[in-house]
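Order of the sequence lines sets the chain letters (A, B, ...), proteins ahead of strands, with each chain counted from 1.
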Amino acid sequence: MNRSVLIEPCCSLCTHSPGRPCPDLITCIQEGPLCHDDDTCRTLRAERLETVRRGGDGTVLFVGAGTCGRANGALHVIAKTKSYLEERSVPARLVEVGCVGFCQREVFVDLQKGDGLRLSYCDLTPDNVDEFLEAVFEKNELRNRFLYGRYGEAPGYEDVPLVADTPFFSRQTRVVLENCGLIDPASLDSALAAGAFAAAARALTTMTREEVCDMVAESGLRGRGGAGFPTGQKWKVALNTAAHQKYLICNADEGDPGAFMDRAILEGDPFRIIEGMLIAAYAIGATKAYVYCRAEYPLAIARLQGAIAQCRKAGLLGANILGSLTDLDIVIKQGAGAFVCGEETAILASIEGGRGMPRPRPPYPAVAGLHGMPTVLNNVETLANVSGILRNGPAWFRDLGLGEAAGTKVFALSGRVRNTGLVEVPVGIPLREIVYGIGGGAPEGHQIKAVQIGGPSGGCIPDEYLDVPTDYGKLQELGAMMGSGGMVVMDERSCMVDVARYFMEFIRNESCGKCTPCREGTTRMYEILTALTKRPVGEEIQRLERFRGLLHLEELAATIKETSLCGLGQSAANPVLSTLRFFRDEYEAHILEDRCPAGVCQGLRTYAIDTATCVGCMACKKVCPAGAILGERKSAHYIIVDRCLGCGACVDACPKQSITLVA
Amino acid sequence: MSSAPATLAQPAELSREQLIPLLQEVQAKDGYLSQTAMTELAQALDTPVASVYGVATFYNQFRFAPLGEHVIEVCRGTACHVKQSLTLYQHLERRLKLRPDGNSADGRFSVLSVACVGACSIAPVIKLDGEFYGHLTVEKLDALLDGIDKHDTESPTEPNQEQPTEASHS
């Protein structure tokens with residue numbers, strides 16, 4: 001664990017320790033010393049701060065090693081760089097940072113020279129890192145093919161674009177992600193040098209609980225986890241409920257497939273979350289807090305654990321924080337892989353050690369939550385916004401958004417789009433701007449068909465509606481949902497019936513089983529959708545059932561929506577309803593013509609054997625799991641379409657490439 | 001690896017709230033939850049075994065049978081689905097001759113499908129023995145598995161050597 005240099009006293013006059021906390025500690029570190037006027041101390045503190053801000057003396061290499069970076073080989077890049085530096089005794093430090101957000105071009109490595117020049121390089125792999133290191137350290141060619149951009153003033157490199165001016169970043173407004181990929185997430189010092197904990201210190205030592213709640217309410221911040229409930233209002237309810245114990249829970253159970261902003265924030269800037277939690281806990285009067293994090297995010301958990309330990313040691317967590325008589329302890333609870341545990345009452349059940357099943361609301365957790373006590377649950381991104389609001393004021397936050405909306409939202413852009421990664425934009429920006437402007441549109445030669453937003457609770461928005469602003473209400477009108485911000489782009493190679501079926505399978509698996517509409521309804525919908533993606537065989541009745549299924553889908557969807565217990569069930573039908581609304585033609589092609597326009601649905605694929613080239617080797621006949629291939633040795637074979645499952649095993653087995661997909 | 005985990009050695013401090021962390025700890029150590037472990041836990045927590053079993057079966061994380069030597073987790077998130085992760089899974093099914101419980105015919109491999117590992121931008125993704133691999137294709141997957149096969153035949157590993165690496169990540 002890193003030792004905090006900044007917390008250390010400048011001289012004997014500085015008396016801070018966790019046991020005897022100084023209320024001015026943070027301001028003192030960032031601007032100090034405050035309690036005494038001494039030029040030596042001032043210089044010492046300024047120098048320390050500058051060194052920490054730069055990540056150390058001399059040359060520093062910052063390697064983006066979040067989970068996404070690691071999947072692109074960041075750890076191998078680090079290992080190779082380390083041995084390179086050691087072998088040639090190059091005096092340079094290596095610092096692991098989080099993901100800068102442009103995952104498509106990872107691995108990112110920032111090179112910082114002793115004079116403060118910071119250049120960013122991308123597209124590094126374990127295979128080409130040696131070429132990069134050689135260019136930088138031996139040939140002194142800082143302008144090489146990996147160069148992406150520069151940070152700040154870079155004398156002599158003014159022609160290199162600022163990272164913030166490159167097409168991927170220039171349209172973004174980075175607030176929550178401002179430090180991700182730039183600072184060392186394993187070091188409290190690094191966060192302090194970037195201004196962390198100043199807002200929390202001010203709140204704890206100079207503001208009342210009501211003032212903090214009012215400020216957040218005034219900012220217009222709404223829950224970023226999906227439902228979009230006004231955060232300040234939630235806090236006030238908990239504050240005004242009298243109880244001897246209150247709890248704060250940070251919801252980091254990012255279960256929506258397609259969303260990964262919480263992971264990136266926890267991995268890249270964990271101290272921001274701790275500061276947000278400190279402020280929130282103070283505002284509602286909670287002394288115990290939990291972070292409920294998915295076990296699938298081992299790196300995020302490790303980063304958070306390290307950050308909590310450092311804060312405890314520095315007296316930023318524990319008893320009597322900064323002399324404000326505020327106590328707070330944060331405990332990490334690892335989720336155990338249940339999507340429903342993103343629902344607030346299910347989290348409570350899970351933390352209490354039971355099955356993660358939701359319960360009816362009211363009473364809302366803010367009134368009676370964990371162990372029956374007032375409990376506020378906030379999403380990671382919501383809490384990440386809090387320090388900024390306190391630092392810059394509610395008006396600043398409101399102005400960040402477009403129109404009525406306030407603040408920024410992080411979206412996870414993935415799927416069939418050129419630039420994938422995390423993008424932070426003002427709330428209210430049109431979807432088209434994100435998908436085409438930042439994402440760069442569909443890959444070469446393809447066309448965007450739809451954007452799936454909001455995960456299993458959201459919907460698919462077709463290309464022609466992409467001018468809709470990313471606003472909670474406007475998206476709902478289109479049958480989608482802001483959700484947690486997962487945005488999966490699909491082109492003509494995706495089948496919308498298959499997408500609906502995919503989500504229904506997901507919900508069916510993840511339904512906790514407590515209420516009947518969700519448990520049974522989603523299973524029936526899944527069965528209907530599965531029938532649509534298979535060829536009706538034999539009986540006329542099956543054809544009829546497939547047709548009737550379409551009518552049943554709509555009826556079931558309405559029932560599930562109205563009668564399910566929790567948000568998971570109530571929104572479960574959204575993916576089906578939105579695809580039915582915008583892509584009815586695809587459903588009709590499946591039902592009436594037994595055809596999948598995108599060619600995705602395996603059960604509707606038709607294969608044929610070219611009798612001219614088939615040599616009758618029987619290889620395909622042997623691998624066919626359905627016994628759908630007929631033919632004798634040395635004479636051409638034939639596929640019985642009605643029996644074929646469309647698995648394509650025969651295509652792989654054929655030595656003569658005689659079998660092709662015909663529809 | 002949860003913060004300040006209670007161990008079975010300190011029964012006085014145990015409460016119901018620690019059930020899930022304890023189950024996670026047991027699984028991290030043994031690789032799965034055995035009947036004996038769950039019975040012991042229930043006694044230590046003074047709860048019925050049925051309720052421990054009920055909680056354990058509710059969550060996808062918990063397994064009730066030991067895993068193979070190599071664990072492959074195929075991400076089935078939306079982005080991975082759109083980029084054909086099902087094809088990868090089906091390929092594994094065929095190549096490793098998976099049984100319905102997800103273990104390969106020779107017991108060396110366990111294939112699990114997971115909801116989303118949060119690396120959507122480099123879809124499709126798999127996690128092989130705790131390491132992530134992105135932008136996969138059937139060819140790249142084959143190359144990975146060939147590498148493992150080669151490694152195992154050249155230097156056979158003891159089964160419990162792989163276990164801790166995987167377990168510490170789950």
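Of all heavy-atom pairs spanning B:Glu17 and A:Lys333, the tightest one is O-NZ, 3.1 Å. Nearest heavy atoms, B:Ala115 versus A:Arg294: CB-NH2, 4.5 Å. Contact detail for B:Tyr59 and A:Gly356: the closest heavy-atom pair is OH-N, 3.1 Å. For the pair B:Thr57 and A:Arg355, the tightest heavy-atom approach, listed with the atom from each and the gap, is OG1-NH1, 4.0 Å. Heavy atoms only, all atoms of each residue included: B:Ile122 and A:Ala71 are closest at CD1-CB, 3.0 Å.
No side-chain heavy atom of B:Phe58 sits less than 4.5 Å from a side-chain heavy atom of A:Ser350. When side chains are defined from C-beta on, B:Arg94 does not count as touching A:Val623, because their heavy atoms never get closer than 4.5 Å. Inter-residue side-chain proximity for A:Asn72 and B:His135 is flagged as met; some heavy-atom pair is nearer than 4.5 Å. Side-chain atoms of A:Leu75 and B:Phe132, non-hydrogen and from C-beta on, never get closer than 4.5 Å to each other. The shortest distance between side-chain heavy atoms of A:Asp256 and B:Cys116 does not fall below 4.5 Å.
In this structure, no portion of B:Ser51 lies under 4.5 Å from any heavy atom of chain A. Of the atoms belonging to A:Cys495, not a single heavy atom falls under 4.5 Å from chain B. Using a 4.5 Å cut-off between heavy atoms, B:Val82 touches chain A through backbone and side chain atoms alike.
A 6.0 Å sphere centred on NZ of B:Lys140 holds more than 12 heavy atoms belonging to other residues, nucleotides or ligands. Residue-environment remark: CG (B:Asp146) exceeds the threshold of 12 foreign heavy atoms within 6.0 Å.
Ranked by heavy-atom pairs shorter than 4.5 Å toward chain B, the options A:Ser494, A:Gly354, A:Gly421, A:Cys68 are led by A:Gly354. Of all the listed residues (A:Met357, A:Glu254, A:Met490, A:Gln602), the one sharing the greatest number of non-hydrogen pairs under 4.5 Å with chain B is A:Gln602. Comparing A:Leu422, A:Val600, A:Asp498, A:Asp262 by how many heavy-atom pairs each has under 4.5 Å with chain B, the most go to A:Asp498. For the set A:Phe503, A:Phe506, A:Phe339, the count of heavy-atom pairs under 4.5 angstrom toward chain B peaks at A:Phe503. Of the listed residues (A:Gly335, A:Ala300, A:Ala259), the one with the most heavy-atom contacts under 4.5 Å to chain B is A:Gly335. Of all the listed residues (B:His81, B:Lys83, B:Arg76), the one sharing the greatest number of non-hydrogen pairs under 4.5 Å with chain A is B:His81.
A donor-acceptor pair is defined here as one N or O able to donate and one able to accept, closer than 3.5 Å; no such pair exists between the side chain of A:Glu296 and the backbone of B:Gly118. Checked by atom type and distance alone, the side chain of B:Arg16 never pairs as donor or acceptor with a backbone atom of A:Glu352 at under 3.5 Å. A donor-acceptor pair under 3.5 Å is formed between the side chain of A:Thr420 and the backbone N or O of B:Ser121. At distances below 3.5 Å, at least one donor-acceptor pair connects side-chain atoms of A:Tyr502 with backbone N or O atoms of B:Thr78. Checked by atom type and distance alone, the side chain of A:Arg70 never pairs as donor or acceptor with a backbone atom of B:Glu131 at under 3.5 Å.
The SG atom of A:Cys341 sits 7.0 Å away from the CD1 atom of B:Ile20 when rounded to the nearest 0.5 Å. Separating the CG atom in A:Leu413 from the SG atom in B:Cys120 is a distance of 10.5 Å, to the nearest 0.5 Å.
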